[in-house]
Amino acid sequence: MHIIINCMYIFYNSKNNLNYYINNFNEKQFKINNTYITYYEKNIINNYSNRTKNVILLHGPFESSLNSYNLINKSLETLTNLKCNFNIFLIDLPGHGKSFKINNFDYSFRNVSSYINYLLENLNITDTLLICSNFSSSIGLNMISLNDKIFSQIILIDPIFNYNPTWENSKLFIKNKLLLLSSFIILNINKSSLNLSNYTTLYFNNKNSSNKYASKMINESSPISTLDIRSNIPIFAIINRKSYFNSTYIANLSNRFASIIFLPHIFPLEDIIDSRFKN
């Protein structure tokens with residue numbers, strides 16, 4: 001089945017000129033200790049050169065910057081209407097996307113955080129809104145604990161602190177290997193003109209990200225909470241998935257956050273960004 005899906009997607013992508021590059025972002029690489037971190041950058045110039053804000057997005061487990069792009073894409077138009085310039089950075093975590101994948105590496109949250117911070121420090125990035133999705137919340141909190149001078153505030157979307165990589169691997173297999181084939185067939189039977197970006201994103205995430213290294217990152221790490229952070233940086237926990245609206249999850253977060261925002265509908269990231277930078 002894996003071979004069948006791969007062959008069908010290679011044919012379909014070739015025929016329809018689909019690819020997994022991130023539109024309108026510049027793909028770059030940064031070398032750290034003979035390894036390369038891949039990141040994507042977009043500059044939005046609103047003719048306010050005296051004020052520039054940075055927005056950095058970290059994707060969730062078994063994903064890549066494609067997921068960060070899907071999260072921020074609808075918000076880019078909002079940023080063009082604000083009274084400052086913006087630098088948007090999407091970062092492929094080690095073991096994910098196009099960043100390095102090696103066996104003899106410490107994939108713990110703490111070490112990965114130090115690598116990402118080193119990248120940001122060398123890019124001379126400050127005054128940063130950091131947006132983390134899912135398990136990368138622990139990476140973001142570690143980044144703040146290592147160097148809070150880079151960041152102005154952090155948004156944690158559906159933060160996860162107790163993770164089950166075995167279950168997530170199973171869900172990923174079902175989603176990418178079984179459901180994709182049926183979706184592909186249905187779309188083609190209907191001669192659909194729909195944008196297949198979500199389907200190609202799922203496919204290439206699985207192709208370019210390593211389940212092994214993502215699982216290793218989770219297994220080798222101890223979750224960090226806001227109680228461990230000695231910083232005055234505003235930290236926002238935003239819960240968007242209805243499946244997380246349960247007593248166990250809420251109780252777990254209540255021990256880590258002073259305030260939690262529940263958004264049971266489509267996540268309005270553009271509204272959040274606008275509220276952060278409108279002044």
side-chain contact (heavy atoms from CB on, under 4.5 Å) assessment of Arg110 paired with Ser145: CA-CA 10 Å; Arg110 190 75 171 179; Ser145 68; 2.8 Å; yes
Results of side chain to side chain donor-acceptor pair (under 3.5 Å) for Asn219 - residues two or more places apart only: none
Nearest 0.5 Å please: distance from the CD1 atom of Ile44 over to the NZ atom of Lys53. 14.5 Å
Donor-acceptor under 3.5 Å (Ser221 side chain, Met217 main chain): yes
Within-4.5 Å side-chain heavy-atom neighbours: Ile157 and Cys132: no
Sequence neighbours left out, what passes salt bridge (Lys or Arg N to Asp or Glu O under 4.0 Å) with Glu41? Give chain and number order. Lys28
Verify, without hydrogens or angle tests, whether Asp92 (side chain) and Ser64 (backbone) share a donor-acceptor contact under 3.5 angstrom. no
If you define the side chain from C-beta out and look only at heavy atoms, does anything of Leu130 sit under 4.5 Å from Gln153? no
Would you find a donor on one side and an acceptor on the other, under 3.5 Å apart, between the side chain of His59 and the backbone of Ser133? no
Taking side chain as C-beta onward, heavy atoms only, is Lys98 less than 4.5 Å from Tyr36? no
N/O donor-acceptor pair under 3.5 Å between Asn54 side chain and Thr126 backbone: yes
Note, Asn134 side chain near Pro61 side chain (heavy atom, < 4.5 Å): yes
Looking at Glu63 and Gly60, would you say the former's side chain and the latter's main chain have a donor-acceptor pair under 3.5 Å? yes
State whether the side chain of Asn111 and the backbone N or O of Asp106 hold a donor-acceptor pair below 3.5 Å, judged by distance alone. yes
Straight-line distance of Leu119 CG to Ser114 OG, nearest 0.5 Å: 11.5 Å
Paired with Tyr115, the ring-ring contact (aromatic ring centres under 6.0 Å, His included) test is passed by just one of Phe105, Tyr39, Phe30, namely Phe105
Contacts of type salt bridge (Lys or Arg N to Asp or Glu O under 4.0 Å), residue Lys149, not counting sequence neighbours: none
Could you go through Tyr107 and Tyr213, starting from their C-alpha distance and side-chain angles, then the distance that decides it, and tell me whether this counts as ring pair (Phe, Tyr, Trp, His ring centres under 6.0 Å)? CA-CA 7 Å; Tyr107 283 95; Tyr213 297 128; 5.1 Å; yes
Steps toward side-chain contact (heavy atoms from CB on, under 4.5 Å) verdict (Ile131, Ile154): CA-CA 6 Å; Ile131 302 175; Ile154 178 173; over 6 Å; no
Is it the case that one hydrophobic cluster holds both Ile102 and Val112, taking links as side-chain heavy atoms less than 4.5 Å apart, direct or via other members? yes
Could you walk me through whether Val55 and Thr128 pass the side-chain contact (heavy atoms from CB on, under 4.5 Å) check? CA-CA 6 Å; Val55 180; Thr128 300; over 6 Å; no
Is there a donor-acceptor contact under 3.5 Å from the side chain of Ser99 to the main chain of Thr38? yes
Looking only at heavy atoms, the pair that brings Ser222 and Phe109 closest together is O-CD1, 4.2 Å
I need the Ile116 CD1 to Ile91 CD1 distance, nearest 0.5 Å. 5.0 Å
Parallel, tilted or perpendicular: ring planes of Phe25 versus Tyr69, cut at 30 and 60 degrees: perpendicular
Identify the heavy atoms of Leu57 and Ser68 that sit nearest to each other, and give their distance. CD2-O, 3.7 Å
Separation between OG1 (Thr52) and CG (Asp127), nearest 0.5 Å, reads 9.0 Å
